[in-house]
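Right, one structure below, let's go through it.
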Amino acid sequence: ETGGALTFRDPASGRTVAYPMSDLSAKDRATLAILIAESKPTTDAQALAGVFLECAGNVTAADARYKEAGDASTAKLTKLFK
């Protein structure tokens, strides 16, 4: 993310395309969070993916991510949202 935009760069051409974060739906944000959690499977990334899934309305998938994240990471989120 750069300046409120998600920026993609083609390594072959160097061309970049930016998408304003405000244009992304809750489902888009959940998808990005899942991709991050899958590529860097830390417990905090799993918990964050859970938050975005919950915001997108997929509580069952969010609960599965929270379970993967474990108690320590979900406790951080609970504290954050209190």
Side-chain angles (χ1 to χ4, degrees):
E1 185 180 346
T2 304
L6 187 63
T7 304
F8 296 92
R9 186 175 77 73
D10 179 352
S13 68
R15 182 175 172 251
T16 61
V17 177
Y19 296 93
M21 291 297 287
S22 60
D23 287 356
L24 300 177
S25 68
K27 186 176 178 181
D28 294 334
R29 291 171 189 246
T31 300
L32 288 170
I34 290 167
L35 289 170
I36 291 166
E38 293 297 318
S39 67
K40 296 183 184 258
T42 65
T43 55
D44 289 348
Q46 297 298 334
L48 190 57
V51 170
F52 282 107
L53 282 163
E54 197 165 346
C55 289
N58 194 337
V59 176
T60 302
D63 287 344
R65 292 289 172 166
Y66 294 142
K67 186 176 179 181
E68 273 189 65
D71 293 338
S73 287
T74 53
K76 288 180 192 176
L77 288 175
T78 301
K79 190 175 182 179
L80 179 68
F81 288 110
K82 280 189 176 184

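The chain is numbered in sequence order, starting from 1. No hydrogens, no waters, no symmetry mates; every other heavy atom, side chains included, goes into these values.
- Shown here is Asp71, whose CG atom has no more than 12 heavy atoms of other residues, nucleotides or ligands within 6.0 Å.
- Taking the side chain to side chain donor-acceptor pair (under 3.5 Å) definition, one finds that Thr60 meets it with nothing, sequence neighbours left out.
- For Ala75, the side-chain contact (heavy atoms from CB on, under 4.5 Å) criterion is met by no residue, not counting sequence neighbours.
- Across Ala37 and Ala49, no two heavy atoms sit closer than the pair CB-CB, 4.0 Å.
- Applying the side-chain contact (heavy atoms from CB on, under 4.5 Å) rule to Ala61 yields the partners Leu53, Asn58; only residues at least two apart in sequence or on another chain are considered.
- No path of Ile, Leu, Val, Met, Phe, Trp and Tyr side chains, each step under 4.5 Å between heavy atoms, connects Tyr66 with Val59, placing them in separate hydrophobic clusters.
- Partners of Lys67 by salt bridge (charged side-chain N to carboxylate O under 4.0 Å, His left out), not counting sequence neighbours: none found.
- Every residue two or more places apart in sequence or in another chain that forms a side chain to side chain donor-acceptor pair (under 3.5 Å) with Asp10 is listed here: Ser13.
- We find the OG1-CD distance between Thr43 and Glu68 to be 10.5 Å, quoted to the nearest 0.5 Å.
- In this structure Ala69 satisfies the side-chain contact (heavy atoms from CB on, under 4.5 Å) test together with Gln46, Ala47, Ser73, Thr74, sequence neighbours excluded.
- Counted by atom type alone, Thr31 and Asp28 present zero donor-acceptor pairs between their side chains at under 3.5 Å.
- Linking ILVMFWY residues whenever their side-chain heavy atoms come closer than 4.5 Å, directly or via other members, leaves Ile36 and Phe8 in distinct clusters.
- Within the model, atoms CG of Leu6 and CE of Met21 stand 6.0 Å from one another, a figure rounded to the nearest 0.5 Å.
- Ion pairing between a basic and an acidic side chain is recognised when a charged N comes within 4.0 Å of a carboxylate O; Arg29 and Glu54 show no such pairing.
- Contact between Leu48 and Leu77 at its shortest, heavy atoms only, is N-CD1, 4.4 Å.
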